[in-house]
Amino acid sequence: MSALWSLVLPVKGANGKSRLALADHRLRSPLAIAFALDAIDAVLAAGSVGRVIVVTSDVAVAGALHGSRAELVPDPGEGLNAAIRAGLAVLEPAHPAGVLLADLPALTAHDLDAALAVAATHPLAMVPDADGTGTTLSTALRADALVPRFGAGSRAAHEQAGHVPIELPATSGLRRDVDSEPDLRQALALGVGRHTRAALDPASPASPE
C-alpha cells in the first residue's frame, strides 16, 4: 500500500473521561484535553499518516490545534459513533483510513506507524485495548468500508465485522487507553506526552525537550 493513511479522531475534550475518578477531580477536564492533544501530536508525527481529521466541538482543543495540519470537523453531538461517521464523511472513499480513539497519552508515532504497517496487509484490522475487550484503532484499506462499532464490547463487534486483530504487547502506547486512575499510572510508567505532563505538573515544560 503506497497511499498514506487518513485517521479520524473523535475528541469530546473537557466533557470527556467522565469515568476518570481522581483524588483531585479538578484534573479530569484538563487531562481529558491533554490525553487527546498528546495522541494527536503522535498522529501528526507519524510518517504513514496523511490527513488527520479531528471531530470535536471543544473550543480549547480547536484552539490548541490552530496552525497545525489537523482538519477540524464539528461534533454533531449524537454520540461517539456519530462523531466518527461525521469525520469519515469527509474522506476519499477509496483511500485507506482508520479511526483512533484519542485517550492515548502514551501513544508514540513509532507505535502507530508499526501498527499501520500491519494493518496495510488486511482489508479490515483493529487494535484491542489493554483490557482486550475494547478497541483503540480500527482500519480499512478503503474508507467507505469503515463502519465504526465503538462502545462496550467493541473488540468483539469489530471482529464479527471482519476486522483482524493486530496483536501488540500490552506495553504499547497504542493499547493503553486511560479510563481510570490505575490506567493513568500505567500510562505514566510507559511515558506520556508533554500535554499530559503539563496538566499533572504545571511546572513541567509544555514544549518538547
Check: What residues form a side-chain contact (heavy atoms from CB on, under 4.5 Å) with Ala143, not counting sequence neighbours?
Finding: Leu91, Ala97
Notebook entry, point to check: What pairs with Ala157 under side-chain contact (heavy atoms from CB on, under 4.5 Å), at least two apart in sequence or on another chain?
Noted result: Arg149
Taking every non-hydrogen atom, the tightest pair across [X] and [Y]:
| X | Y | answer |
| --- | --- | --- |
| Leu9 | Ala102 | CD2-CB, 4.3 Å |
| Arg142 | Ala94 | NH1-CB, 3.5 Å |
| Ala106 | Leu190 | CB-CB, 4.1 Å |
| Ala187 | Val192 | O-CG1, 3.5 Å |
| Thr136 | Pro128 | OG1-O, 4.3 Å |

Could you give the distance from [atom1] ([X]) to [atom2] ([Y]), rounded to the nearest 0.5 Å?
| X | Y | atom1 | atom2 | result |
| --- | --- | --- | --- | --- |
| Trp5 | Leu112 | CH2 | CG | 10.0 Å |
| His95 | Asp144 | NE2 | CG | 11.0 Å |
| Leu31 | Leu184 | CG | CG | 6.5 Å |
| Glu159 | Leu124 | CD | CG | 12.0 Å |
| Leu188 | Leu200 | CG | CG | 6.0 Å |
| Leu116 | Leu4 | CG | CG | 10.5 Å |

Considering only heavy atoms from C-beta outward, does the side chain of [X] approach that of [Y] to under 4.5 Å?
| X | Y | value |
| --- | --- | --- |
| Pro165 | Val127 | no |
| Lys12 | Thr56 | no |
| Leu146 | Ser138 | yes |
| Val178 | Pro105 | yes |

Run the side-chain donor-acceptor check on residues 65-86: report pairs under 3.5 Å with partners two or more places apart or on a different chain.
{"unit_1": "Ser68", "atom_1": "OG", "unit_2": "Leu65", "atom_2": "O", "d": "2.7"}
{"unit_1": "Ser68", "atom_1": "OG", "unit_2": "Ala70", "atom_2": "N", "d": "3.2"}
{"unit_1": "Arg69", "atom_1": "NH1", "unit_2": "Gly50", "atom_2": "O", "d": "2.3"}
{"unit_1": "Arg69", "atom_1": "NH2", "unit_2": "Leu44", "atom_2": "O", "d": "3.0"}
{"unit_1": "Glu71", "atom_1": "OE1", "unit_2": "Arg51", "atom_2": "NH2", "d": "2.8"}
{"unit_1": "Glu71", "atom_1": "OE2", "unit_2": "Arg51", "atom_2": "NE", "d": "2.9"}
{"unit_1": "Asp75", "atom_1": "OD1", "unit_2": "Gly77", "atom_2": "N", "d": "2.8"}
{"unit_1": "Asn81", "atom_1": "OD1", "unit_2": "Phe150", "atom_2": "N", "d": "3.1"}
{"unit_1": "Asn81", "atom_1": "ND2", "unit_2": "Phe150", "atom_2": "O", "d": "2.9"}

Notebook entry, point to check: Quick one: hydrophobic cluster around Met126, which other residues, with the 4.5 Å side-chain cut-off, linked directly or via members?
Noted result: none
Next item on the list: List, by chain and number, the other hydrophobic cluster members for Val147, where Ile, Leu, Val, Met, Phe, Trp and Tyr join if side-chain heavy atoms come within less than 4.5 Å, directly or indirectly.
Entry: none
Where the side chain of [X] meets the backbone of [Y], is there a donor-acceptor pair that is under 3.5 Å apart?
| X | Y | result |
| --- | --- | --- |
| Asp177 | Asp103 | no |
| His163 | His158 | no |
| Asp111 | Leu107 | no |

Flag yes if [X] and [Y] sit in one hydrophobic cluster, no otherwise; membership is Ile, Leu, Val, Met, Phe, Trp, Tyr, and two members link when side-chain heavy atoms are under 4.5 Å apart.
| X | Y | answer |
| --- | --- | --- |
| Ile53 | Val99 | yes |
| Leu141 | Leu137 | yes |
| Val61 | Leu100 | yes |

Listed partners of [X] passing salt bridge (Lys or Arg N to Asp or Glu O under 4.0 Å), at least two apart:
| X | result |
| --- | --- |
| Arg175 | none |
| Asp58 | none |
| Asp131 | none |

Checklist line | Pairs satisfying side chain to side chain donor-acceptor pair (under 3.5 Å), at least one member in residues 31-47, at least two apart | finding: Asp38-Thr196, Asp41-Arg194, Asp41-His195
Next item on the list: Applying side-chain hydrogen bond (donor to acceptor under 3.5 Å, both in side chains), name anything that partners Thr139, two or more places apart in sequence or on another chain.
Entry: none
Next item on the list: Could you give me the CA-CA distance, side-chain angles and deciding distance for Val54 and Ile40, then say whether side chain to side chain contact (heavy atoms under 4.5 Å, CB included) is met?
Entry: CA-CA 8 Å; Val54 178; Ile40 294 166; 3.9 Å; yes
Item checked: Residue pairs, two or more places apart or on separate chains, that pass salt bridge (charged side-chain N to carboxylate O under 4.0 Å, His left out) and touch residues 117-129 -> none
Show me the donor-acceptor pairs, under 3.5 Å and distance only, between side chains in residues 166-174 and residues at least two apart or in other chains.
{"unit_1": "Glu167", "atom_1": "OE2", "unit_2": "Arg155", "atom_2": "NH2", "d": "3.4"}
{"unit_1": "Ser172", "atom_1": "OG", "unit_2": "Leu174", "atom_2": "N", "d": "3.1"}

Item checked: More than 12 heavy atoms of other groups within 6.0 Å of His122 NE2 -> yes
